[in-house]
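Values below: all heavy atoms of this structure, side chains included; hydrogens, waters and symmetry mates excluded. Sequence lines set the chain letters: A, B, ... in the order given, protein chains first and strands last, and positions in each chain run from 1.
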2 protein chains.
Amino acid sequence: MVQYASPRLDLTFAALSDATRRGIIDRLGQGDTSITGLADTFQMTLTGMKKHVQVLERAGLVVTRKVGRVRTCTLGQRGLAAEAAWIEAHRRLFEARFDALDAIISEMQQEGHDGSAR
Amino acid sequence: MVQYASPRLDLTFAALSDATRRGIIDRLGQGDTSITGLADTFQMTLTGMKKHVQVLERAGLVVTRKVGRVRTCTLGQRGLAAEAAWIEAHRRLFEARFDALDAIISEMQQEGHDGSAR
DNA sequence: TAAATACTGAACCATATGGTTCAGTATGCA
DNA sequence: TGCATACTGAACCATATGGTTCAGTATTTA
């Protein structure tokens with residue numbers, strides 16, 4: 001329906017929105033591990049962990065390879081460049097607006113309105 | 001259950017995982033708008049748009065103020081600094097791994113395994 | 001060969017998400 | 001006053017998410 005969709009960013013940001021999955025990325029940053037290794041670390045069933053890994057895999061953040069009966073998980077080649085680019089580009093938008101908003105809030109506070117930013 | 005949780009990152013990354021919401025941020029970067037204005041732009045019911053704005057608001061990415069019958073949406077003061085920091089810190093992890101992975105893939109390809117990275 | 005290990009898949013569950021419609025309430029304007 | 005506008009809230013719907021259990025299959029290893 002909408003064209004500005006970016007399935008890639010949808011998948012990566014969704015993957016990063018879960019603390020366990022961010023933890024998996026941290027862990028894989030120290031070295032590759034199996035599904036079992038991850039399941040132990042995060043105190044979760046194998047099946048549950050496999051689902052998390054699949055989410056990360058679909059997002060391209062993790063790559064897995066099965067050798068024998070062990071599936072080894074590695075950080076994906078694709079990295080976080082696209083996400084970093086989006087965030088950086090938009091960070092500036094926020095900063096630009098901040099000055100303007102700041103001025104509005106000061107003004108409102110002087111007028112005695114409820115302009116208290118928490 | 002897990003301690004490494006960061007509700008803040010959970011909320012912001014989840015908010016950013018939807019193309020419509022990323023579009024709303026783009027749009028607000030050009031200037032404040034009402035819920036109606038956003039609903040028109042993104043061809044959605046008012047109620048639907050309100051939900052998206054609420055998601056962005058809970059994540060601290062958008063601030064709204066109701067004046068009269070119009071609720072005006074603005075980019076939040078908090079910005080994307082925390083998200084940028086997380087991404088940047090982890091980008092290095094991926095890059096570090098990339099060299100190692102690259103070596104493994106080359107090795108595998110020489111061995112004739114299915115090491116084809118798309 | 002038999003047992004243990006490592007994963008896989010199906011089924012289930014509760015809750016969240018992304019949308020809708022419909023029925024309000026509050027505000028602005030003629 | 002009275003209509004149009006702008007939002008709000010409840011209810012509903014289909015699908016996704018984050019987890020589980022249970023019953024496999026495939027691989028090691030003793």
With a non-hydrogen cut-off below 4.0 angstrom, is [X] in contact with a base, only sugar-phosphate, or nothing?
| X | answer |
| --- | --- |
| I35(A) | sugar-phosphate |
| G68(B) | sugar-phosphate |
| S34(A) | sugar-phosphate |

Once you round it to whole Å, what is the distance between [atom2] of [N] and [atom1] of [X]?
| X | N | atom1 | atom2 | value |
| --- | --- | --- | --- | --- |
| D18(B) | dT17(D) | CG | P | 12 Å |
| R65(A) | dA6(C) | CZ | P | 18 Å |
| L46(B) | dG24(C) | CG | P | 18 Å |
| Q43(B) | dG19(C) | CD | P | 13 Å |
| F13(B) | dT17(D) | CZ | P | 17 Å |
| K51(B) | dG9(D) | NZ | C1' | 10 Å |
| R71(B) | dT25(C) | CZ | P | 18 Å |
| M49(B) | dT20(C) | CE | C1' | 14 Å |

Check whether any side-chain N or O of [X] sits under 4.0 Å from OP1 or OP2 of [N], and answer yes or no.
| X | N | value |
| --- | --- | --- |
| K66(A) | dT8(C) | yes |
| R21(B) | dG18(C) | yes |
| H52(B) | dT17(C) | no |
| R69(A) | dT8(C) | no |
| K50(A) | dG9(C) | yes |
| T45(A) | dT20(D) | yes |

Which is more 5' along DNA chain D, the nucleotide nearest T47(B) or the one nearest V67(A)? Just name the residue.
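That would be T47(B).
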Between the side chain of R21(B) and the main-chain N/O of A14(B), is any donor-acceptor distance below 3.5 Å?
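Side chain of R21(B) to backbone of A14(B): a pair is present.
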Donor-acceptor pair, distance only, cut-off 3.5 Å: does the side chain of R91(A) make one with the backbone of W86(A)?
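No, because the side chain of R91(A) does not come within donor-acceptor range (under 3.5 Å) of the backbone of W86(A).
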If I compare all heavy atoms of M49(B) with all of I35(B), which pair ends up nearest, and what's the gap?
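Between these two residues, the closest heavy atoms are CG-O, 3.8 Å.
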Nearest-nucleotide wise, let me know which of R58(B) and M44(B) is further upstream toward the 5' end of DNA chain C.
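With M44(B) and R58(B) compared, the 5'-side residue is R58(B).
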Shared ILVMFWY cluster between L93(B) and F42(A), side chains joined below 4.5 angstrom?
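As far as the 4.5 Å side-chain criterion goes, F42(A) and L93(B) are connected within one cluster.
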Shared hydrophobic cluster, V53(B) / L46(B) (ILVMFWY, side-chain heavy atoms < 4.5 Å):
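Shared cluster, yes.
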